[in-house]
Chemist: 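Okay, here's the structure, questions in a sec.
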Amino acid sequence: MFDLERLVRPNIKALKPYSSARKEYTGTEGIFLDANENPYGTLNRYPDPLQRDLKQQLATFKGVSEGTIFIGNGSDEVIDLALRIFCNPGTDKALTFSPSYGMYDVSSAINDVKLIKLPLNTEFQIDRQTVRLYLEDPTVKLIFVCSPNNPTGNCFRKTDIQFLLEHFKGIVIIDEAYADFSEEDSWVNRIGEFSNLVVSQTFSKAWGLAAARVGVAYTNSSILALFDKVKPPYNVSRLNQEAALAVLGNQKEYKRQIQQIKNEKEVLIKGLNELTLVNQIYPSDANFVLLNVNNAKKTYEYLIQHQIIVRNRTKLVKDCIRITVGTEEENRMLLKALRAIKSG
Ligand SMILES: *Cc1c(COP(=O)(O)O)cnc(C)c1O
């Protein structure tokens, strides 16, 4: 049986959360003398600690209830909060697959939580036989599942993710930072089915707001209450909330940009396929591609000299570089530079 109470750190269970002025009085009209703010200015008031307007718009857009949404200071905050809520430092563990997103490592290390990293198979899919050995371990509290996966670009098989959700007694965090670019169904639609499911998404990629730092987690009300309890009172600034509201107000542009990036990705892949220095391009459900080249380090450094910056991922996947899909012009410049390697 899934038992949320067992999973939560005792100090978090016992925690009396900070009660902010804006949480205690939620009205918008009146003379506000409760939060020691400066009465003058335009950014002088604390922001809505529960980001109600943003949640309302997002709920409508996603077709979910507002009561399933947590907003974070980037989705990196969601990762950190999950570790802090569920993993006792020094004793508990988290689990993920390798290669995957580097912040699971860093955030686990900061929280003194051991991260078990299980290698993906040659198709970059989850190996059920290996992960099965950890599902009953009571010290493993969290599994991070990045799908579409960074840096490989592929989605994990739906049946494998469902297997984890059904058999793991801890929390499964599905990181869908790149879901907007994928044809696969989002797990957001299934939070009602699994009491251990948290789905994180972000405004940093498809919505074009990496600078603003707005991340989202969708989960059931019991887990959501824990995130609300532990988060810093005003974790998302008003500027950030307004930036997210502004892009949500222009969904036509959001869709147009995604379509454009998908189209450009196809052109880019076609161009890369024609290069002799490229050995393999891995299938991508995201806005980037991972490719194996003759010499990742040399290719990376050559591109830097031409002021084109890609990610050298050779430490994660031998001789692989990760290329984000840029504008038509940027991709053309990249291909031009890569063609010159062959001839030069
Ligand atoms: C880019 C990325 C994020 C986004 O993090 P933010 O803090 O929301 O900017 C999350 N997860 C993965 C796997 C990413 O690649």
Side-chain angles (χ1 to χ4, degrees), residues 51 54-55 58 62 69-84 94-111 115 117 120 124 126 142-156 161 171-182 184 186-188 197-219 227 231-232 235-237 239-241 243-244 247-248 254 257-258 261 265 282 284-290 309-313 315-317 320-326:
Q51 310 96 18
L54 178 52
K55 284 179 184 171
L58 202 51
K62 289 281 175 187
I69 303 177
F70 174 82
I71 309 287
N73 185 4
S75 49
D76 286 347
E77 185 176 36
V78 173
I79 297 168
D80 179 64
L81 287 176
L83 285 159
R84 286 202 272 157
L95 184 148
T96 193
F97 304 93
S98 176
S100 197
Y101 185 42
M103 276 309 287
Y104 309 141
D105 274 296
V106 175
S107 214
S108 298
I110 290 169
N111 286 290
L115 181 69
K117 296 200 282 183
L120 295 168
F124 296 138
I126 294 168
L142 291 177
I143 299 182
F144 293 107
V145 182
C146 187
S147 183
N149 188 34
N150 178 5
T152 61
N154 61 298
C155 284
F156 296 137
I161 297 179
I171 305 290
V172 178
I173 300 189
I174 305 181
D175 185 338
E176 291 190 347
Y178 301 97
D180 316 61
F181 302 104
S182 165
E184 292 275 323
S186 166
W187 288 89
V188 167
L197 172 59
V198 177
V199 180
S200 81
Q201 296 191 349
T202 180
F203 278 83
S204 294
K205 307 285 156 62
W207 290 100
L209 283 190
R213 316 303 306 130
V214 184
V216 188
Y218 300 88
T219 186
F227 276 83
K231 81 179 184 74
N235 62 325
V236 184
S237 80
L239 296 171
N240 297 9
Q241 294 182 44
V247 290
L248 270 171
Y254 159 79
Q257 287 182 12
I258 289 174
I261 290 166
K265 183 169 82 173
Y282 292 98
S284 164
D285 295 302
N287 65 334
F288 59 84
V289 285
L290 185 76
I309 301 93
V310 299
R311 206 82 199 268
N312 181 1
R313 299 280 78 179
K315 282 186 192 144
L316 293 174
V317 194
C320 279
I321 57 174
R322 193 193 68 194
I323 302 177
T324 309
V325 180

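Just so you know, residue 1 is the first one in the sequence shown, and it goes up from there. Note that ligands are numbered from 1 as they come in the structure, with each ligand's atoms numbered from 1 the same way.
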Chemist: Hey, are the side chains of Glu77 and Pro232 touching, using non-hydrogen atoms and a 4.5 Å cut-off?
Modeler: yes

Chemist: For the backbone of Gln241 and the side chain of Gln51, can you confirm whether one donor and one acceptor N or O come within less than 3.5 Å of each other?
Modeler: no

Chemist: Starting from atom 9 (O) of ligand 1, which protein heavy atom do you reach first, and at what distance in Å?
Modeler: Ser204 OG, 2.6 Å

Chemist: Are any of the N or O atoms of Asn150 closer than 3.5 Å to those of ligand 1?
Modeler: yes

Chemist: Closer than 4.0 angstrom: is that true for some heavy atom of Ala210 and an atom of ligand 1?
Modeler: no

Chemist: Quick one: does Thr219's side chain have a donor or acceptor within less than 3.5 Å of a partner on Leu197's backbone?
Modeler: yes

Chemist: Does atom NZ of Lys62 have more than 12 heavy-atom neighbours, drawn from other residues, nucleotides or ligands, at distances under 6.0 Å?
Modeler: yes

Chemist: Using a 4.0 Å heavy-atom threshold (strictly under), name the region of Met103 that reaches ligand 1: side chain, backbone, both or neither.
Modeler: neither

Chemist: With side chains defined as the heavy atoms from C-beta onward, is the minimum distance between Gln201 and Ser186 less than 4.5 Å?
Modeler: yes

Chemist: Return the closest protein heavy atom for atom 2 (C) of ligand 1 as residue, atom name and distance.
Modeler: Lys205 NZ, 2.4 Å

Chemist: Roughly how far, to the nearest 0.5 Å, is CG of Leu95 from CZ of Phe144?
Modeler: 10.0 Å

Chemist: Would you compute the distance between atom CE of Met103 and atom CG of Asp175 and round it to the nearest 0.5 angstrom?
Modeler: 11.0 Å

Chemist: Check each atom of ligand 1 against the heavy atoms of Ala177 and keep those under 4.0 Å away; list them by number with element.
Modeler: 2 (C), 3 (C), 10 (C), 11 (N), 12 (C), 14 (C)

Chemist: So is Tyr178 touching ligand 1 or not, going by heavy atoms under 4.0 Å?
Modeler: yes

Chemist: Looking only at protein heavy atoms, which one is nearest to atom 7 (O) of ligand 1, and what is the separation?
Modeler: Arg213 NH2, 2.6 Å

Chemist: Just heavy atoms, cut-off under 4.0 Å: does Ser75 contact ligand 1 by side chain, backbone, both, or neither?
Modeler: both

Chemist: Tell me the contacting part of Glu77 for ligand 1: side chain, backbone, both, or neither, using a 4.0 Å heavy-atom threshold, strictly below.
Modeler: neither

Chemist: Taking atom CG of Asn149 and atom CD1 of Ile126, what is their separation to the nearest 0.5 Å?
Modeler: 9.0 Å

Chemist: Using a 4.0 Å cutoff against the non-hydrogen atoms of Cys146, which atoms of ligand 1 qualify?
Modeler: 13 (C)

Chemist: Just need the protein heavy atom nearest to atom 11 (N) of ligand 1, so name the residue and atom and give the distance.
Modeler: Asp175 OD2, 2.8 Å

Chemist: Would you say the side chain of Ser284 lies within less than 4.5 Å of the side chain of Leu290, judging by non-hydrogen atoms?
Modeler: no

Chemist: Between ligand 1 and Asn73, is the shortest N or O to N or O distance under 3.5 Å?
Modeler: no

